[in-house]
**Q** 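Sharing a structure here in structure tokens format.
Below, chain A is the first sequence line, B the second, and so on; all start at residue 1.
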There are 2 protein chains.
Amino acid sequence: MNNLRDRRRRQTARDIQQAALRVVLRIGYGAATTDAIAAEAQISPRTFFNYYPNKQAAILGQPPKLDRDAGQWFETSDQPLVGDILRLLAQMLGDDPLDRTIMSMIKQVVDRTPELLPLFRMSLDEMTQALSDLLLARLGPDRTWEAMLIAELSTHALSNAVHSWVADDRMTVDCVLGLVRQQLDRIGALLVAGVKSTERSCG
Amino acid sequence: MNNLRDRRRRQTARDIQQAALRVVLRIGYGAATTDAIAAEAQISPRTFFNYYPNKQAAILGQPPKLDRDAGQWFETSDQPLVGDILRLLAQMLGDDPLDRTIMSMIKQVVDRTPELLPLFRMSLDEMTQALSDLLLARLGPDRTWEAMLIAELSTHALSNAVHSWVADDRMTVDCVLGLVRQQLDRIGALLVAGVKSTERSCG
DNA sequence: CACATAAATGCATACTGTGCAATATTTGCT
DNA sequence: AGCAAATATTGCACAGTATGCATTTATGTG
């Protein structure tokens, strides 16, 4: 079976990530060389690059993945959109629960090293893309931009909510999703305030 | 006056950017070394890094800047939010008009090199941050997340609209803003569809 | 013109990331 | 257990990225 090897591989990936986080928190991102991280993880410098393409990837590890196939129901649902998005996110977080310790360390690193913030944002991109694809299938091809924007919005709202979750031990996953809903609802309210209708002039 | 020197400096920065875009479009992003770009721009390899901190920055040049000070009116306006955001963006595009040729080349590069797409996204971040600050001042400190999300949404919608503008010579800046409004309005409509009210459970 | 300032350059150097080949380890199978 | 195939780890060489520092060159000012 591949299973055993795969488990070891994932464990090593996690080990390297934690080593990277430890070293970076100890001496700072700039000073943390890949060699130092490899030493901390007790692997050869070369092996480091067998697991992660670069230092940043090692810090982030692999972000949770939204399974496109497991979201077939989403495309044809006639329930309210926001509720369905929340169900998708719940599904994803259930499949691949976040590790509060790791997330907390990542947050510390990003806080100390603001130039890494965009990187952290980027790590959401795979999820954003998957969600965007599902939304596109649901909304239709003439709503490509809207699908992308709502996907962005949803993943960023999730990111915000996860930030709160990291900072508060008592918070449950349900609360995270509640926060996401709250944000999306408020955004909707802000956007429609005072709007009559959209007239298109060109394009 | 510094003014003359400054103009030369900005011109050199533009020259280097165009050289970078030419080289990258000719031989691809991966194969385009900083040395080759410096040669194309007829400067020494070392000088390249006096102008841009890295290759990516040279390709993007400096993205348009949203002047926080010029947006004081925004914070206290009682007009509809979306309309005010559009006025801000119009102001910004008026101050610092985009170059269609450059944008078109950037688009070609990003199309050929998908791994650069996040980079392009990042280049919007400064604008997003400025807009987010203005929104925060307007919405109040208890709407921090909403301010960030609406800022994201607006700049991404702008990015989408600019994509269309690049592809269509006849499109004017007004049309770009019209597209932004259209997207924001539609997002609002999608988000509020079927929503009764937000009940908060925790946090 | 001569001086002060800023820009451009050359050189040395640390670090990143990749390809390749050699070695070691694990796995499936008998 | 023992063998062969697959997979993982490692060392080495090397191209490229980026920075610091000292030096040279160009430019604007009086």
**Q** What is the distance from CZ of A:Phe48 to C1' of D:dG11, rounded to the nearest Å?
**A** 18 Å

**Q** For A:Arg121, is there an ion pair with B:Glu152 - N to carboxylate O distance below 4.0 angstrom?
**A** yes

**Q** For atom CD of B:Gln72, decide whether the heavy atoms of other residues, nucleotides or ligands shown that lie under 6.0 angstrom number more than 12.
**A** yes

**Q** Return the value, rounded to whole Å, for the distance between atom CZ of A:Arg10 and atom P of D:dA8.
**A**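 Those two atoms, CZ and P, are 12 Å apart.
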
**Q** Mark yes or no for a side-chain to base donor-acceptor pair under 3.5 Å between A:Arg46 and C:dG17, with no hydrogen or angle criteria applied.
**A**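 Donor-acceptor pair under 3.5 Å: no.
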
**Q** For D:dG16, does either OP1 or OP2 sit under 4.0 Å from a side-chain N or O belonging to B:Thr33?
**A**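 No.
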
**Q** Counting heavy atoms from C-beta on, name the nucleotide in C:dA7, C:dT16, C:dT9 closest to the side chain of B:Ser44.
**A** C:dT9

**Q** Charged N to carboxylate O below 4.0 Å: is that the case for A:Arg138 and A:Glu75?
**A**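 Looking at A:Arg138 and A:Glu75, the cut-off is not met.
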
**Q** Taking CZ from A:Phe49 and C1' from D:dA8, how many angstroms apart are they, rounded to a whole number?
**A** 17 Å

**Q** Atom CZ of A:Arg7 and atom P of C:dT26: how far apart are they, to the nearest Å?
**A**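 After rounding, the reported distance stands at 14 Å.
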
**Q** Once you apply a heavy-atom cut-off of 4.0 Å, does B:Asn50 come out as touching a base, just sugar-phosphate, or nothing?
**A**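 B:Asn50: base contact, heavy atoms under 4.0 Å.
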
**Q** Tell me: CD1 of A:Ile16 to P of D:dA8, nearest whole Å?
**A**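 It works out to 13 Å between those atoms.
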
**Q** A:Arg9 CZ to C:dT26 C1': how many Å, rounded?
**A**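 Rounding to the nearest Å, CZ of A:Arg9 and C1' of C:dT26 are 13 Å apart.
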
**Q** Give, ordered by number, those residues of residues 113-123 of chain B having at least one heavy-atom distance below 4.0 Å to an atom of DNA chain D; if nothing qualifies, reply none.
**A**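 The answer is none.
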
**Q** With a 4.0 Å cut-off on heavy atoms, is A:Thr34 in touch with a base, just the backbone sugar-phosphate, or nothing at all?
**A**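 Sugar-phosphate, no base atom in range.
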
**Q** Taking 4.0 angstrom as the limit, do B:Arg68 and B:Asp133 come out as a salt bridge?
**A** yes

**Q** Tell me: CG of A:Asp15 to C1' of D:dA8, nearest whole Å?
**A**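 In whole Å, D:dA8 C1' and A:Asp15 CG are 15 Å from each other.
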
**Q** Go nucleotide by nucleotide along DNA chain D from the 5' end; which of B:Arg8 and B:Tyr29 gets its closest nucleotide reached first?
**A**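 That would be B:Tyr29.
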
**Q** Among A:Leu131, A:Thr128, A:Leu124, A:Leu93, find the residue that satisfies the side chain to side chain contact (heavy atoms under 4.5 Å, CB included) test when tested with A:Leu158.
**A** A:Leu93

**Q** Is it the case that over 12 heavy atoms from other parts of the model lie below 6.0 angstrom from the CD atom of A:Gln42?
**A**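 For A:Gln42, atom CD is not crowded (no more than 12 foreign heavy atoms under 6.0 Å).
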
**Q** Report which part of the nucleic acid B:Pro53 touches: base, sugar-phosphate, or nothing (heavy-atom distance under 4.0 Å, all strands).
**A**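 B:Pro53: backbone/sugar contact only, no base atoms under 4.0 Å.
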
**Q** Which whole-number value in Å describes the distance from A:Asp35 CG to C:dG17 P?
**A** 12 Å

**Q** Nearest of D:dT17, D:dA6, D:dT10 to any side-chain atom of A:Arg5?
**A**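 Per side-chain heavy atoms of A:Arg5, the pick is D:dA6.
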
**Q** When you check the gap from the basic side-chain N to the acidic O, do A:Arg87 and A:Asp84 get nearer than 4.0 Å?
**A**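 So A:Arg87 pairs with A:Asp84 through a salt bridge.
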
**Q** Classify B:Tyr51 by what it touches in the nucleic acid, base, sugar-phosphate, or nothing, heavy-atom distance under 4.0 Å.
**A**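 Here B:Tyr51 touches the backbone only, sparing every base.
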
